[in-house]
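To keep things clear, I will list the structure first and then write my remarks on it.
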2 protein chains.
Amino acid sequence: MKNKSKRNSIKGIAAELGVSVTTVSFVLNGKAKEKRISEAVTKKILDYIELIGYRPNQLAQSLRTGKSKIIVFMVEDISNHFFSRLARIIEDIAYQKGYKVLFCSNENDDKKSLELIDLFKERQVDGFMIVPSPGIQDKIAALKAEKIPVVLCDRYFPDLDIDHVIIDNEKASYCACEHLIKNNFKNIALITTDVRQTQMLGRLEGYKKAMAAYQLPTNVLILPYKEKTTLQGKESITKFFYENPDLDAAFFTTNYLTKNGLAVIKESFPNALNKMGIVTFDDNELFTIYTPTITAVSQPLEEMAKELMKTMLALLKNPKVAHPPKKIVLKAKLVVRESSKVKE
Amino acid sequence: MKNKSKRNSIKGIAAELGVSVTTVSFVLNGKAKEKRISEAVTKKILDYIELIGYRPNQLAQSLRTGKSKIIVFMVEDISNHFFSRLARIIEDIAYQKGYKVLFCSNENDDKKSLELIDLFKERQVDGFMIVPSPGIQDKIAALKAEKIPVVLCDRYFPDLDIDHVIIDNEKASYCACEHLIKNNFKNIALITTDVRQTQMLGRLEGYKKAMAAYQLPTNVLILPYKEKTTLQGKESITKFFYENPDLDAAFFTTNYLTKNGLAVIKESFPNALNKMGIVTFDDNELFTIYTPTITAVSQPLEEMAKELMKTMLALLKNPKVAHPPKKIVLKAKLVVRESSKVKE
DNA sequence: CTGAAAGCGCTAACAT
DNA sequence: ATGTTAGCGCTTTCAG
């Protein structure tokens with residue numbers, strides 16, 4: 001028997017078949033016709049490759065061509081329902097197009113983001129799809145300057161001309177609030193975080209504009225991002241509700257806040273559950289089976305993932321060429337359920 | 001100014017500094033002492049590297065060393081809460097140890113699994129952590145034969161001597177059932193899928209044994225895996241409940257079944273919600289705020305991830321050496337909540 | 001039509 | 001103590 005380990009390379013194949021590596025390489029890359037390799041030789045090579053189940057070493061290929069066929073999808077937290085669902089869709093599209101996706105979580109932390117980006121640059125990934133932490137504007141600009149494909153997602157930097165796909169947060173928020181208002185809620189709280197990135201600012205703005213438009217008071221609770229899952233966070237919400245007994249509705253700007261908020265309501269204000277209007281950003285299947293079912297601003301995950309990949313693939317095709325950045329703004333959908341119904 | 005693009009390699013640095021590539025390489029790899037490079041030269045190189053922000057090309061490094069520092073974590077569906085949470089923990093540990101993780105979803109489909117494995121082998125990943133689909137036993141054996149590190153997760157192949165980390169499904173299931181029984185439920189349904197892998201078989205077996213031990217009747221609904229999220233799946237559950245009006249409790253063997261089950265109960269049997277005993281496999285924060293709160297078999301995610309990575313790292317350290325496979329069986333925890341309380 | 005050879009960036013055995 | 005050099009496996013230019 002042959003030395004298997006040695007045969008698994010172009011060189012080995014060439015030696016075995018008595019042809020040159022060039023010929024093998026051409027055949028492998030479908031350039032047989034173009035380079036006018038004889039039918040016979042082509043077939044011989046193809047058959048042999050089939051026989052030994054040869055697959056080219058992607059590492060070597062990447063080193064040579066400078067393309068790794070890997071793209072990075074950096075999110076806040078891959079275990080967050082919103083991001084993991086996005087990731088799943090992106091995965092499918094990418095694999096279809098011959099790309100692998102490296103997922104990673106930056107926890108919305110600048111240091112971690114920067115480290116990760118550098119790490120992946122060393123690895124020569126072909127592009128970055130990033131849900132950016134607040135302070136990495138310069139790094140993103142640097143990537144673009146280096147002609148490395150970058151697409152931002154969920155939030156972006158207004159000062160930067162970088163491709164991005166986001167939703168119209170302000171409008172989505174405005175609509176959600178208006179919906180509550182039209183259902184007779186008059187004292188609506190906004191529960192949000194101290195994150196000062198575009199997505200959250202937009203949601204806050206939408207709320208403020210809606211309240212102003214209908215001349216209603218604003219009641220905003222801003223929680224530190226760090227408390228997103230802590231007991232402390234729950235306590236702050238509890239306190240806020242106690243101090244504002246007149247509230248008749250609550251709008252949560254992101255899914256982890258909603259979890260905490262619902263927990264607080266259940267624990268400390270059980271009566272409120274059916275009296276208060278409740279709307280949340282980010283949908284979840286479980287909201288359809290909650291009692292009451294929860295009204296949610298549902299982001300178009302499928303569409304976002306598609307646009308993201310479309311934009312990325314376009315950049316990948318021509319990374320060196322300057323192009324006007326694609327700024328894609330999608331619409332979210334308000335899924336009306338029981339929790340925001342008119343109460344008597 | 002210097003030609004930046006050219007300087008970003010060992011060769012460039014060596015040229016710039018008038019030393020040899022070897023010296024640079026040694027310094028880079030912390031072998032300065034060992035190879036007795038002079039302090040002065042070492043410092044000069046280090047400083048220069050710092051200055052230009054040089055980072056070695058991992059691709060080239062990998063090609064040379066044969067190690068890519070990438071491990072694969074293949075799960076059923078990365079958007080499934082159970083798997084995405086596992087992934088998040090694994091990600092952290094891996095990065096700490098200098099590894100990146102490529103996540104992918106096989107949808108419990110053999111064809112997809114095999115394709116993915118081959119894809120990643122071409123990419124020379126260092127190891128595989130796999131939640132295997134039912135029919136890839138041979139492929140797993142082949143990987144092991146090739147001395148490629150593999151660790152299975154969540155389920156395994158009893159005929160194969162492969163490292164794995166799983167939970168004691170039978171016992172977890174038995175305990176859950178026993179808990180229901182002790183709370184006076186006498187007609188307990190098991191709602192499961194037709195997946196015939198160890199994890200599901202264990203859960204079924206635990207149920208059967210518990211029912212036998214307490215001389216209670218069994219009521220098993222087995223749903224096709226394909227219907228896991230379809231309307232069809234819901235209809236089957238509805239039908240099952242209609243045809244078995246005596247049921248006083250339901251045990252769902254996996255999280256997507258629970259979602260469907262709760263939906264069905266809410267839609268078609270709203271009274272049952274507070275009368276029936278309900279227990280589910282796989283915990284979810286939302287279960288703590290559901291009404292009633294839902295009793296769940298909670299898998300030790302943190303511990304699973306840690307053991308997985310520990311096992312993988314051990315293999316990685318010495319891939320060529322035969323070793324007795326580590327078969328790690330963890331215990332799940334029953335988190336008792338309102339849904340399984342004694343009803344009157 | 002096919003082959004020889006350079007080179008992607010890095011490591012490490014071998015030489016000095 | 002530092003330099004020379006041979007590859008890792010592949011693509012591609014240039015020569016026949």
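Below, chain A is the first sequence line, B the second, and so on; all start at residue 1. Note: hydrogens, waters and symmetry copies are ignored here, and every other heavy atom, side chains too, is used.
- Under 4.0 Å is where a charged nitrogen must lie from a carboxylate oxygen, and between A/Lys139 and A/Asp118 at least one such pair does.
- Among the nucleotides D/dT2, C/dC8, D/dC10, the one closest to the side chain of B/Ile37 is D/dT2.
- Relative to the side chain of B/Ile10, the nucleotides C/dG3, D/dT4, C/dC10 differ in distance, and C/dC10 lies closest.
- The nucleotide whose nearest atom lies closest to any side-chain atom of B/Ser20 is, among C/dG9, C/dG3, D/dT2, D/dT2.
- Each of D/dT11, C/dC10, C/dC8 was ranked by its minimum atom distance to the side chain of B/Lys11; first place goes to C/dC8.
- We find that A/Glu91 and A/Arg88 are joined by a salt bridge, their nearest charged nitrogen and carboxylate oxygen being less than 4.0 Å apart.
- Between A/Gln61 and D/dG9 there is no side-chain polar atom (N or O) within less than 4.0 angstrom of OP1 or OP2.
- Residue B/Arg36 is the one, among B/Arg36 and A/Leu63, whose nearest nucleotide of DNA chain D lies closer to the 5' end (criterion: closest heavy atom).
- More than 12 heavy atoms of other shown residues, nucleotides or ligands fall within 6.0 angstrom of atom CD in B/Glu146.
- Side-chain contact between B/Phe157 and B/Ile162 is absent, with no heavy atoms from C-beta onward closer than 4.5 Å.
- For the residue pair B/Ser133 / B/Asp109, no side-chain donor-acceptor distance below 3.5 Å is found, with atom types taken as modelled.
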Report each atom pair, protein N/O against N/O of nucleotides 12-14 of chain D, whose distance is under 3.5 angstrom.
| from | atom 1 | to | atom 2 | distance (Å) |
| --- | --- | --- | --- | --- |
| D/dT12 | OP2 | A/Lys31 | NZ | 3.1 |

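- Residues A/Leu301 and A/Phe82 meet the side-chain proximity criterion, which asks for heavy atoms closer than 4.5 Å.
- The aromatic rings of A/Phe120 and B/Tyr95 sit perpendicular, their planes meeting at an angle over 60°, well past the 30° parallel limit.
- Atom P of nucleotide C/dG9 and atom NZ of A/Lys67 are separated by 13 Å, given to the nearest angstrom.
- Listed pair A/Ser38 / C/dT2 meets the phosphate criterion, a side-chain N or O lying under 4.0 Å from OP1 or OP2.
- The pair B/Glu76-B/Arg155 counts as a salt bridge, with a side-chain nitrogen and a carboxylate oxygen less than 4.0 angstrom apart.
- Taking five base pairs at each end of the helix from C/dC1-D/dG16 to C/dT16-D/dA1 and finding the rotation axis that steps the C1' atoms of four pairs onto the next four gives two axes whose angle is 50°, to the nearest 10°.
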